[in-house]
Each structure stands twice: as structure tokens, then as C-alpha cells.
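Taking it in order: structure first as C-alpha cells, then the write-up.
Not measured: the values here are computed from a predicted model. Just so it is clear, the values below take in all heavy atoms, side chains as well, and ignore hydrogens, waters and symmetry mates. Letters A, B, ... are given to chains in the order of the sequence lines, protein chains preceding strands, and every chain is numbered from 1.
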Number of protein chains: 2
Amino acid sequence: MLKLSTRYRYGLRILVSLADNGDCYSSIKHLCDSQELTVKYIESIIAILNKKGMVISKRGALGGYKLSKPADAITLKEVQETLNESVFFLECIEKPETCTDRSNSCPSRLLWLAVKARIDEILESLTIKDLCEASRLADIETIIASRIQSP
Amino acid sequence: MLKLSTRYRYGLRILVSLADNGDCYSSIKHLCDSQELTVKYIESIIAILNKKGMVISKRGALGGYKLSKPADAITLKEVQETLNESVFFLECIEKPETCTDRSNSCPSRLLWLAVKARIDEILESLTIKDLCEASRLADIETIIASRIQSP
DNA sequence: ATTTTTCCTATTTCTTTAATAGGATATGTT
DNA sequence: AACATATCCTATTAAAGAAATAGGAAAAAT
């Protein structure tokens, strides 16, 4: 439980690479050189991003992928939703029909609503551009602190 | 990814039930009446809690389970670790040998270190007793707010 | 034509979770 | 002693999702 999928981890790395590459098209092969992944596996991940319109593709020689919008317009929440569409953090919240009547006296539900709210707060406040910067600075806490207001 | 396991959800509900029952032994059958689970499945969950010494068992007629320590001495983090021993939120952190050299320039790693820190902060600050209270109040945010200092 | 590269569809493998099953052992009650 | 109530123990199966691989079709540049 609460395991981070490699699909999302790699997806983020791919998007960060594309962002660093600016307006050029990066081929999967090129993305592979910097990452230790197979062409086929990256392909399957980027295919999802492509179908959702997060990247623009160009076929044939000199083709590849680039971001479909500025890196600071892509939130990490958006990426998560794209890459893990059918998986629900908490079914009884996202699909109420699964566990209707327990509602607000269910301790698990209350706890995870609270946890999820905090995760989402971070994922919504950060963008791919922030990740690029965090990677350069080797620090993300400062960026988060500047985004999220303390109550 | 980031899916909450039913094992943990049910485990919490079981512990909250035991807490509400005070010093009496609750049989699995009794726990079943309030929850919509089979005897066998609850048994398999509570067996884990028992092996780790979180509950005390008594066999035979009038037997059952009760908490091994006060409900306010059992943190939710402890429960999570007990029920999901072998699952790592982020392998490259918890088992560094998996992904050594990417370290602090890996965007995923930075992000999830930050997210994990916030989840752990909540899980460590709350106890089973808090969950009992949250369940009664149908609110957990007030409790969390009183525990976690804003920076 | 040839090379590069995306695109599409399918399959396999692996891990983990979820759930079930049968019977052994202990304990209180009658 | 017999019986009912419970935990305990050890498997096994089923289902889901994640991870990874495979082969070839289609497009575009040189």
C-alpha cells in the first residue's frame, strides 16, 4: 500500500527531460541515454502521456516528443491523474457506491481524506518546471514552502 | 499506485473497535457484527497484529482480543508499519541499493521524500484513541491541526 | 530506397493484495 | 466427560495491478 509506481516515477523523469530540452523534439532513444530504461518501456509510458495530449509527437527521422505546453503549466497532480487513471487512492471516496453508509464515522475514511488532502495540496502546487529546478538545486522543500501557505 | 490497502483500512477499524471495548476481550465474531467482513478475513488481519504484540489474545470460550497497551499509545504509523512491513513507499529511499546513483538530482525522489515526510508526520502524530474521537466527532482535521505545528 | 522513429496491439511475467479453507488447540460451561 | 466457543496455524486460490517485452505497421526525412 502507498507504493509509488515506477510508471509515475519514470513519467516524471521523462517530462523533466523534455522540459529541459525546450522546444526540440527528443526521441525515445535519446531519453533512454539519460535514463536506465528500455526503449519499449519508455514507449509504453509516453504513449499514455501522448494520448492525453500532454506531449506532442512527430514521427519519422528527426522526430520525437516535446511538451505540449509550458513546463510551468503542467502540475504534478495532472501527471498523476494521467498515468494512474483507474487506480483510486480511496475507493469509498472516489467511488462512493463501494462503501456508502460508513461515511463520516469510518475512521479510515476520515484519516485518509486528511492525508489525501495534503498530498493533493503538494501535487497541485508543483509543476514540472519546479521539478526541474528542484533537481538542479537538489532541494524541493524550499519550493514547497514558498507555495504552500501555513494555516 | 497510492492505493490504500483494505488490510490497513480494516486493521484500523478493528483496533478502533477494540479500543472502544476497553479492557474486555472481543471475539472475532463480535467484531464481525459491526463490520461487514468474514470471520476468516478478520482473523488473518488480526493475526498479524497479534504476532507483533499489538493485541493480547485469549483462547477458548469467552476469549477474544484486546489492545496490549492504551489506545493513545498506538500511533497510526506503527499500525501501518505492522500491517505493511514489506512494502516500501519509495524503494530507492528505504532500500538505497535499488537506485543508488540518481540520488538528489532525481526529481521523483525529491518529490516523494517531501510527500512521504508529510504523510509520516500525520501518521506519527495520531493514535488509535484519536481515531476513536474523530469517529465520534465525524471530524479529524481539528485533531490534526492541534497536533501539527505550522512552520 | 533506406533509415529513423513513432504508433499500435498483444502477451507475458511478477508482485501484492484479497479472500477462502480445513483442521488443530485451548478454555470455559454444563 | 462432553460440548460449545474461540483462537491458532498452515495452506491455497483468486484477483488485480504493475512491470516489462515483443513484433510489426505507418510516417517522415535523407
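For C:dC7, one of the phosphate oxygens OP1 or OP2 lies less than 4.0 angstrom from a side-chain nitrogen or oxygen of A:Tyr65. Under 4.0 angstrom from either OP1 or OP2 of D:dC8 there lies no side-chain N or O belonging to B:Arg59. For D:dC8, one of the phosphate oxygens OP1 or OP2 lies less than 4.0 angstrom from a side-chain nitrogen or oxygen of B:Asn50. Within the 4.0 Å cut-off from OP1 or OP2 of C:dT13, not a single side-chain nitrogen or oxygen of A:Tyr41 is found. Here B:Thr38 reaches the OP1 or OP2 of C:dT20: one of its side-chain N or O atoms lies under 4.0 Å away. Under 4.0 angstrom from either OP1 or OP2 of C:dT6 there lies no side-chain N or O belonging to A:Ser57.
Summarising the geometry, the separation between CD1 on A:Ile42 and P on D:dA18 is reported as 19 Å, rounded to the nearest angstrom. Rounded to whole Å, atom P of D:dT7 lies 14 Å from atom NZ of B:Lys66. One can place CD1 of B:Ile48 at 14 Å from P of D:dC9, the figure rounded to the nearest angstrom. The CD1-P distance, from B:Ile28 to D:dC9, rounds to 13 Å in whole Å. Straight-line distance from the CD1 atom of A:Ile45 to the P atom of D:dT21: 12 Å, rounded to whole Å. Summarising the geometry, the separation between OH on B:Tyr10 and C1' on C:dA19 is reported as 11 Å, rounded to the nearest angstrom. We find that CD1 of B:Ile56 is positioned 19 Å from P of D:dA6, with the value rounded to whole Å. In this structure, A:Leu49 places its CG atom 15 Å from P of C:dC8, rounding to the nearest Å.
Using modelled atom types and a 3.5 Å distance limit, the side chains of B:Thr127 and B:Asp72 yield no donor-acceptor pair. Side chains of B:Asp20 and B:Ser17: no donor on one and acceptor on the other come within 3.5 Å.
Ion pair B:Glu141/A:Arg118 flagged as a salt bridge, since at least one NZ, NE, NH1 or NH2 atom sits closer than 4.0 Å to an Asp/Glu carboxylate oxygen.
Which of C:dT5, C:dT27, D:dG23 sits closest to the side chain of A:Glu43 comes down to D:dG23. Of the candidates C:dT17, D:dT7, C:dT6, the closest approach to any side-chain atom of B:Ser27 belongs to D:dT7.
Toward the 5′ end of DNA chain D lies the nearest nucleotide of B:Ser44, the other residue of the pair B:Ser44 and A:Gly60 mapping further downstream.
Residue A:Lys40 places a side-chain atom within donor-acceptor reach of the base of D:dG23, judged by atom type and a 3.5 Å distance cut-off alone.
For NZ of A:Lys77, the number of neighbouring non-hydrogen atoms (other residues, nucleotides, ligands) closer than 6.0 Å is greater than 12.
Looking at A:Ile140 and A:Leu131, their side chains come closer than 4.5 Å, going by heavy atoms from C-beta outward.
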